[in-house]
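Right, one structure below, let's go through it.
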Amino acid sequence: MISEIRIPINKAFRIDPITIDTGSPAFLPHFSCKRPTDTAKRMFPTIIHGNIAGITAIIGVPVMKKDVIGVIMLRMIPHTVPAYRTVRISAALTIGPVIYTLRDLKNWLMMQIASMIAVTVICLVCIFMAKPPFVFTNAIIRHSLFKCKYLDYPACNLDTAGIVLFPRQRKCGIIYPCICYSRQYIILQITRRVFTMARFTLPRDLYHGKGALEALKTFKGKKAMICVGGGSMKRFGFLQKAEEYLKEAGMEVQLFEGIEPDPSVETVMKGAAAMQAFEPDWIIAMGGGSPIDAAKAMWIKYEYPDITFEDMCKVFGIPALRNKAHFCAISSTSGTATEVTAFSIITDYEKGIKYPIADFEITPDVAIVDPDLAETMPQKLVAHTGMDAMTHAIEAYVSTANCDFTDPLALHAIKMIQRDLVGSYNGDMDKRDSMHNAQCLAGMAFSNALLGIVHSMAHKTGAAFADYGAHIIHGAANAMYLPKVIAYNAKDETAKKRYGEIADFMGLGGDSLDEKVQLLIAYLRKMNDDLNIPHCIKNYGPDSYPTEQGFVPEEVFLERLPEIAANAILDACTGSNPRQPSQEEMEKLLKCCYYDTEVDF
């Protein structure tokens, strides 16, 4: 694939590198949480990356014309980039802009060799001094090429060869940039070839069906710590059963109880300290998404006591686990599917932000999906977790990382949720049991296909107004935001087509894609009505039910909107969304979610 952009020469050196978007090259600052310094912003080498421009020009790509008088060699190498939230330039070497005439090959070669030696030294220093995961990049990666989520993955850009490798993750490719300097234009031409590699990860074993909890009897180990939440598992006798089964397997058992909804960083640290003292070789997380998510984070801290919470949040940057313990997740709710996923959500209450921890390392070794536990859910929880599951399935299907392995799981989960959620909410226990399987299938899909900005927005609004006495419950937030995000994403033709496929699979009718998308949106809004979920933040009461005036005041929402939008853009789920929103678009989208207005942008 070849892309070209021509920049008038009289403007080229006054272009802001942050605002350039050619569709081919990339500028790392555009996707960073903290942009580089003003000095870095002013450096023209951050605008156009040409690590092998001179070589490609000399070998005749592109073909030199009469008005080409030289080649601009621009280099900015390397950055050491923590894989989540911040960009810190640990080392940077800029050689350029230097204009090499084609007649002066000797000087060019000497400079190129000197550059390569210097870059190699800096790379080696970064490798030994920087904490992994690290990224060496030349600011060429953009979301249209690798989708910006790939910026979060451990990577090494081999500058001299123009090869980008993602050894642990999803993509690798060869990039041939060429920049020519003419009398009238700087001509940037990029030839790129991308090879896709994907990974599909699930728990090693999944026990399902009534009575599946008894699988604990078969576990082999010496000590097990059970992590549970607020008491429902004890109240209904499931905690006692789990203890008995583990003891029957010959293990010493200790409990860590009282994990709160939307678990905090402090709870994670307390649990990890308890694990350090007890030294279990099995961690059993039991309950809804909160205790399982918290236990996953505790597991990381238990295995690596020196790791910080910020290090845990480096997307796909967690070191290898299972050196001290294996992990079993037993779900009691039908929505989060954290028992089969590579994700955990932990809340920093000081900042009012929910942070996703994402790494295949935290995928449980064993999942137990026993519908007996789900039958104890209160009605409101059925509604919220059910719409969370629906959002998982739909976002996974339209995600930019969807694949042949995730699509069938997502579609079947959607069909099951369409058939069973409202009935489960109204007390049909057969449908409740079916929903427990459906949410697990949705989890398998999104754990491998990833999610989108419905979850980004839900993560960043959930605890943003806690000082006003309540949270926006995650499942309810997803339910409110999903129709708006579908309308936004459907401006992308590929996403629109996939939404149409979902509508067809659900049997909603419609002759055109636009009509199918509208029918899908209408169906989801009707589900929210049936489940007593509000349509917007403005009408979201402190008890999560619809009300004339919600608990989030309009002026407070508008005051905090820019920060919420910025945080949502930087959320780990945003990278796999079909459309990449700007700050302005995200703010407009959140306003639509507050006021329940139409999305027309």
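- Relative to the ring axis of F601, K491 does not place its NZ or CZ within 45° and under 6.0 Å from the centre.
- A cation-pi contact links K380 to Y545, judged by a cut-off of 6.0 Å to the six-membered ring centre and 45° from its axis.
- Looking at K496 and E493, a side-chain N of the basic residue comes within less than 4.0 Å of a carboxylate O on the acidic one, giving a salt bridge.
- Around atom NE2 of H412, no more than 12 heavy atoms belonging to other residues, nucleotides or ligands sit under 6.0 Å away.
- Side chains of D596 and M480 form no contact here, defined as non-hydrogen atoms less than 4.5 Å apart.
- A donor-acceptor pair under 3.5 Å is formed between the side chain of D492 and the backbone N or O of A495.
- A distance-only check finds no donor-acceptor pair linking the side chain of N539 to the backbone of P534 [under 3.5 Å].
- Of the possible donor and acceptor atoms, none in the side chain of T574 sits under 3.5 Å from a partner among the backbone N and O of L570.
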Task: H459/H474 under side chain to side chain donor-acceptor pair (under 3.5 Å): CA gap, chis, key distance, verdict - done: CA-CA 7 Å; H459 292 157; H474 180 72; 4.6 Å; no
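- With Q439 contributing its side chain and A389 its backbone, the two residues share no donor-acceptor pair below 3.5 Å.
- Under the 3.5 Å distance criterion, the side-chain polar atoms of D571 are left unmatched by any main-chain donor or acceptor of N567.
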TODO: I would like to know whether I537 and E554 meet side-chain contact (heavy atoms from CB on, under 4.5 Å); could you show each step before the answer?
DONE: CA-CA 9 Å; I537 300 172; E554 180 179 13; over 6 Å; no
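- Judged purely by atom type and a 3.5 angstrom limit, S576 uses its side chain to pair as donor or acceptor with the backbone of L451.
- Judged by distance alone, the side chain of Y499 and the main-chain N or O of T494 form no donor-acceptor pair under 3.5 Å.
- Not less than 6.0 angstrom separates the ring centroid of H384 from the ring centroid of Y425.
- Taking a cutoff of 4.0 Å between a charged side-chain nitrogen and a carboxylate oxygen, K354 and D293 do not qualify as a salt bridge.
- Ion pairing of R560 with D467 is present here, as a side-chain N (NZ or NE/NH1/NH2) and a carboxylate O approach within less than 4.0 Å.
- Proximity of the aromatic rings of F551 and Y468 is defined here by a centroid distance below 6.0 angstrom, and this criterion is not met.
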